[in-house]
2 protein chains.
Amino acid sequence: MSRTERSADAVRAAARLAKVAGTALVEADLTLPQYRVLVFLDAGERPASHVAALLGVAPSTVTAAVDGLVARGLVERRADPADRRKVVLALTTAGRGALRRGDDVVAARLDRLLGFLEVDEAETVLVGLAHLNRAMERSLAERFGPPAGDPGP
Amino acid sequence: MSRTERSADAVRAAARLAKVAGTALVEADLTLPQYRVLVFLDAGERPASHVAALLGVAPSTVTAAVDGLVARGLVERRADPADRRKVVLALTTAGRGALRRGDDVVAARLDRLLGFLEVDEAETVLVGLAHLNRAMERSLAERFGPPAGDPGP
DNA sequence: TATTGTTATACTCTATAACTATA
DNA sequence: TATAGTTATAGAGTATAACAATA
């Protein structure tokens, strides 16, 4: 696979995946950034600064996304007793429900898309995406500890 | 891999890939939609309506992206003699050069990212992205013929 | 002084709707 | 009438900068 093809494939896939997922999430009343925050908080509560850094967006972007989630009771903002500058974000029970509905609509749309491939090709896509995320998490280095509430390995 | 993990992986990967590619493309003085148009036109010239449909964006989005490319002499707008409503978009020589520079900066950034993985894992990522694009192209059905100037199979 | 988060503001990408010109 | 493309406009997502509170 040439250098050119790799770049073109990556950009095409990213744009298309984002579009497909964003369209699907409308059915779950979630925007793409809101779903990303929910996914992230599912692993455990986190201060907003960690969410921003690990999602790779500006702090103000997290504020905007979370505002909508808090208004609908899907996420809670709690003061951190140890450092009162920090706002800890945590999923509510309703938030977990919303996340599952988001998972479902995206997975359904993804399944439909992968239906155009052979079974082993579809598997390669899913494994490849998982590897890609692992690479991105590693590239963020270990600047942040495990989330609170994470039982650990 | 659970349904939940698949959805979360897809959305995370899409957002991260788009960000990484967009940041890299700044070095090549291209925006993400401009690069997508260049990639598309590299296969052959096409009327703007085909570009919009196959990229999955509105016609006005193509107009906006192409305006910048035309201003810099990277893409030409030609009237279609057979149907004078149509505007055929074609890469110029300078456009091909800009596309190659875009390929290079994205590929370099992608290589750096995949360096966090084992060689076979990185290969799975690239093959997976290629399969994913194939699935998306198939899902668009065969509503459009091959691009002009395409030698074909 | 440095950090956390919010607010204010602007820019980019995208879509919808109205319009022009062709068919 | 229907289609191709542009223009005008609006909305979402994002970033930067200024600010308030806390460390």
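Chain letters run A, B, ... following the sequence lines, proteins first and then strands; every chain starts at 1.
Salt-bridge annotation for D29(A) and R101(A): absent, with no side-chain N of the basic residue lying under 4.0 Å from a carboxylate O of the acidic one. Residues R109(A) and E27(A) are not paired through a salt bridge, judged by the lack of any N-O separation under 4.0 Å between the basic side chain and the carboxylate. Salt bridge annotation for D9(B)-R134(A): absent, with no cationic side-chain nitrogen under 4.0 angstrom from a carboxylate oxygen. Using a 4.0 Å cut-off between charged nitrogen and carboxylate oxygen, R100(B) and D42(B) count as a salt-bridge pair.
Of the candidates dT7(D), dA15(C), dA23(D), the closest approach to any side-chain atom of V57(B) belongs to dA15(C). For R84(B), whose side chain is taken as the heavy atoms from C-beta onward, the closest listed nucleotide among dT6(C), dA23(D), dA23(C) is dA23(C). Closest approach to the P47(A) side chain among dT14(C), dT22(C), dG5(C) is made by dG5(C) (side chain taken as heavy atoms from C-beta onward).
Residue A48(A) is classed as a sugar-phosphate contact, given heavy-atom separations below 4.0 Å to backbone atoms only. Contact annotation for D83(B): backbone-only contact, meaning every heavy-atom pair under 4.0 Å involves sugar-phosphate atoms and none involves a base. Among the atoms of the strands shown, none is found under 4.0 Å from any heavy atom of R36(A). Among the heavy atoms of the strands lying under 4.0 Å from P33(A) are primed sugar atoms or P, OP1, OP2 only; no base atom is included. Using a 4.0 Å heavy-atom cutoff across all strands shown, G56(B) reaches sugar-phosphate atoms only and no base atom.
In this structure, CG of L32(B) is placed 11 Å from C1' of dT12(C), rounded to the nearest angstrom. Between the NE2 atom of H50(A) and the C1' atom of dT4(C) there is a distance of 11 Å, rounded to whole Å. Whole-Å rounding puts the L30(A) CG to dG13(D) P distance at 11 Å. Residue L55(B) contributes atom CG, which lies 9 Å from atom P of dT14(C) at whole-angstrom precision. Counting to the nearest Å, the P atom of dC13(C) and the CG atom of D67(B) are 13 Å from each other. Distance R46(B) CZ to dG5(D) C1': 17 Å, rounded to the nearest Å. Taking atom CG on L54(A) and atom P on dT4(C), their separation rounds to 13 Å, with Å as the unit. As rounded to whole Å, 12 Å separates atom C1' of dT7(D) from atom CZ of R77(B).
Using a 4.0 Å cut-off, no side-chain N or O of R85(B) falls inside it from OP1 or OP2 of dT20(C). Between K19(B) and dG13(D) there is no side-chain polar atom (N or O) within less than 4.0 angstrom of OP1 or OP2. The side chain of T63(B) contributes an N or O atom lying less than 4.0 Å from OP1 or OP2 of dT6(D). In this model, the phosphate group of dG5(D) is approached by a side-chain N or O of S49(B) to a distance below 4.0 Å at OP1 or OP2.
In summary, the side chains of T4(A) and D103(B) do present a donor paired with an acceptor at a separation below 3.5 Å, with no hydrogens or angles considered.
Between the CG atom in L17(B) and the CE atom in M136(A) there is a gap of 5.5 Å [rounded to 0.5 Å].
Judged by distance alone with a 3.5 Å cut-off, a donor-acceptor contact links the side chain of S60(B) to the base of dT16(C).
Along DNA chain D, the nucleotide nearest T31(A) and the nucleotide nearest D80(A) are compared for position; the residue whose nucleotide lies closer to the 5' end is T31(A).
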